[in-house]
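Report on the structure given below.
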There are 2 protein chains.
Amino acid sequence: MEVKRKMTKSPIKPAEMLIGALLRVPAQAIHRRIIHELNEAGFEELRVPHMAVLQFPGPDGARPGALAERAGISKQAMNQLLRSLESLGYIVRSDVPNKGRARIVRLTRRGRAAYAKIHDILREIEREWMAELGPRRFAELKEILFLIWQSPLAR
Amino acid sequence: MEVKRKMTKSPIKPAEMLIGALLRVPAQAIHRRIIHELNEAGFEELRVPHMAVLQFPGPDGARPGALAERAGISKQAMNQLLRSLESLGYIVRSDVPNKGRARIVRLTRRGRAAYAKIHDILREIEREWMAELGPRRFAELKEILFLIWQSPLAR
DNA sequence: CTGCCATGGTAAACGCACTTTACCACAAGG
DNA sequence: CCTTGTGGTAAAGTGCGTTTACCATGGCAG
């Protein structure tokens, strides 16, 4: 069944809103939109789990284990994702000489195209938000979020 | 395997950061923390998927179908969650007389306790963020996020 | 009244993706 | 050597969401 999404249009007061919902809802909206537009732009094979790899700052040059760590999943799960993305032609995994079994992930041309597309989508979203909020408030938002990002609170 | 999480401490410049990552990372951090502290506070059975039900504004008084819709999952998936939560003693589903097959979800005492605990955790998180950012910037953050929430951009 | 359909809910089967458990390869250090 | 740490892989098991299908009630057209 295709899931329809409709939000409750209930009269919610600002005072009731906690930071959890305030962050979660727009973050999810962005996530869904990225996947949707990515699929429409010709990257149809990319599914939700793949996003764990393509997330900022991207997998290029990284080790599988490191990618697993920052995505918060096991190395094995990451490995499955990487195998999938490799068979789809988005990445390659190459050996690193004189480094034991170490491997390194590289984006292919197609992989770079997909990653660039995500960037484009986000830029467009930023444009829309800026139009909604005004440049000043939007800049403030990013600034404050960046402070949180840097702090240990985001861990 | 227990998944360890460690963030890259790479020197990232604010200019590179797009709103996607800026929102996602703290939102995920909050989500993980809620589940973790909920489990520690004696609600050990609650798992990630259950959060789709306990999410703001909570399930009390709502129909299963409506809950499914706002969680973005199918009615069947929501039903499984509700059955699980019912068998764990967090909710009950009662019939609504003269309303067809309609059912209504009610939090039990334990369910209300869990929901209140989530509220407490979020309040504590807000306290910490306010200490980090200062009351003024924190209020600004919530205000701006609330504007986005109200706009169609969050859909 | 009665047959049809819209609405809301449920059940079973399937499939994907993650974890668990286990193992392999190489390097460094005693 | 043998051990330990690091990095990666493989296979089995499982949890959870979708797909497919069906059931129950109420409204409504004829």
Side-chain angles (χ1 to χ4, degrees), chain A residues 1-6 8 28 31-32 35-36 39 44-55 59 61-88 90-106, chain B residues 1-6 8 28 31-32 35 39 44-55 59 61-88 91-106:
Chain A
M1 175 199 175
E2 184 70 21
V3 175
K4 289 203 208 83
R5 312 201 84 258
K6 188 179 64 182
T8 56
Q28 282 179 345
H31 191 238
R32 279 195 308 273
I35 293 168
H36 185 247
N39 292 157
E44 293 204 345
E45 321 93 332
L46 295 180
R47 304 262 171 273
V48 177
H50 294 136
M51 292 303 111
V53 179
L54 267 4
Q55 268 177 12
R63 305 279 193 79
L67 292 175
E69 206 165 27
R70 79 174 176 215
I73 62 178
S74 64
K75 288 189 296 177
Q76 297 86 327
M78 178 53 70
N79 231 335
Q80 287 189 153
L81 288 177
L82 292 176
R83 193 175 339 165
S84 165
L85 285 171
E86 192 162 33
S87 74
L88 293 171
Y90 287 90
I91 62 154
V92 289
R93 283 175 293 177
S94 24
D95 294 327
V96 180
N98 302 331
K99 269 287 187 175
R101 282 204 109 184
R103 306 202 128 200
I104 198 171
V105 175
R106 280 288 171 202
Chain B
M1 176 202 176
E2 184 70 19
V3 174
K4 288 203 209 83
R5 311 201 85 258
K6 188 179 65 181
T8 55
Q28 282 180 346
H31 191 236
R32 278 195 308 273
I35 293 168
N39 292 159
E44 292 205 344
E45 321 92 333
L46 294 180
R47 303 264 171 272
V48 177
H50 294 135
M51 293 302 111
V53 180
L54 268 2
Q55 267 177 13
R63 305 279 194 78
L67 292 174
E69 206 166 26
R70 79 172 176 217
I73 62 177
S74 65
K75 288 189 295 178
Q76 297 86 326
M78 178 53 70
N79 230 337
Q80 287 188 153
L81 287 177
L82 292 176
R83 194 177 340 172
S84 164
L85 285 172
E86 192 163 32
S87 75
L88 293 172
I91 63 155
V92 289
R93 283 176 293 177
S94 24
D95 294 328
V96 180
N98 302 329
K99 270 286 188 176
R101 282 204 108 182
R103 306 202 129 198
I104 198 171
V105 176
R106 280 289 172 202

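Sequence lines set the chain letters: A, B, ... in the order given, protein chains first and strands last, and positions in each chain run from 1. Excluded from the calculations below are hydrogen atoms, water molecules and symmetry mates; all remaining heavy atoms, backbone and side chain alike, are included.
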Could you tell me whether the phosphate oxygens of [N], OP1 or OP2, come under 4.0 Å of any side-chain nitrogen or oxygen in [X]?
X	N	answer
R47(A)	dA17(C)	no
R93(A)	dG8(D)	no
S74(B)	dG17(D)	no
N79(B)	dT10(C)	yes

Excluding sequence neighbours, so at least two apart, what forms salt bridge (Lys or Arg N to Asp or Glu O under 4.0 Å) with [X]?
X	answer
R93(A)	E86(A)
R103(B)	D95(B)
R106(B)	D60(B)

Under the side-chain contact (heavy atoms from CB on, under 4.5 Å) test, residues paired with H50(A) that sit two or more places apart: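 If we apply the side-chain contact (heavy atoms from CB on, under 4.5 Å) test to H50(A), skipping adjacent residues, the hits are L46(A), R47(A), L81(A), S84(A), L85(A), L88(A).
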Please give me the minimum heavy-atom distance between [X] and [Y], naming the atom from each residue.
X	Y	value
P59(B)	V53(B)	CD-O, 3.5 Å
V48(B)	H31(B)	CG1-CE1, 3.9 Å
M78(A)	A71(A)	CE-CB, 3.9 Å

Could you go over nucleotides 10-13 of chain D and give all protein N or O partners under 3.5 Å, atom names and distances?
| unit_1 | atom_1 | unit_2 | atom_2 | d |
| --- | --- | --- | --- | --- |
| dA10(D) | N6 | Q76(A) | NE2 | 3.2 |

Please enumerate all protein N or O atoms sitting under 3.5 Å from an N or O of nucleotides 23-29 of chain C, with distances to 0.1 Å.
| unit_1 | atom_1 | unit_2 | atom_2 | d |
| --- | --- | --- | --- | --- |
| dC24(C) | O2 | R101(A) | NH1 | 3.2 |
| dA25(C) | O4' | R101(A) | NE | 3.4 |

How long is the line joining [atom1] of [X] and [atom2] of [N], in whole Å?
X	N	atom1	atom2	value
L67(B)	dG8(C)	CG	P	13 Å
M78(B)	dG17(D)	CE	P	9 Å
L85(A)	dA17(C)	CG	P	11 Å
E69(B)	dT18(D)	CD	P	13 Å
R103(B)	dA24(D)	CZ	C1'	12 Å
E45(A)	dA17(C)	CD	P	13 Å
K75(A)	dG5(D)	NZ	P	14 Å
L82(B)	dC16(D)	CG	P	14 Å

Nearest-0.5 Å distance that lies between atom CD1 in I73(A) and atom CG in N79(A):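 Answer rounded to 0.5 Å: 9.5 Å.
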Spacing of NZ belonging to K75(B) relative to CG belonging to L67(B), to within rounding of 0.5 Å: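 Taking NZ in K75(B) and CG in L67(B), the distance rounds to 13.0 Å.
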Proximity to the side chain of A77(B) - top-ranked nucleotide from dT10(C), dG8(D), dG17(D):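 The listed nucleotide nearest to A77(B)'s side chain is dG17(D).
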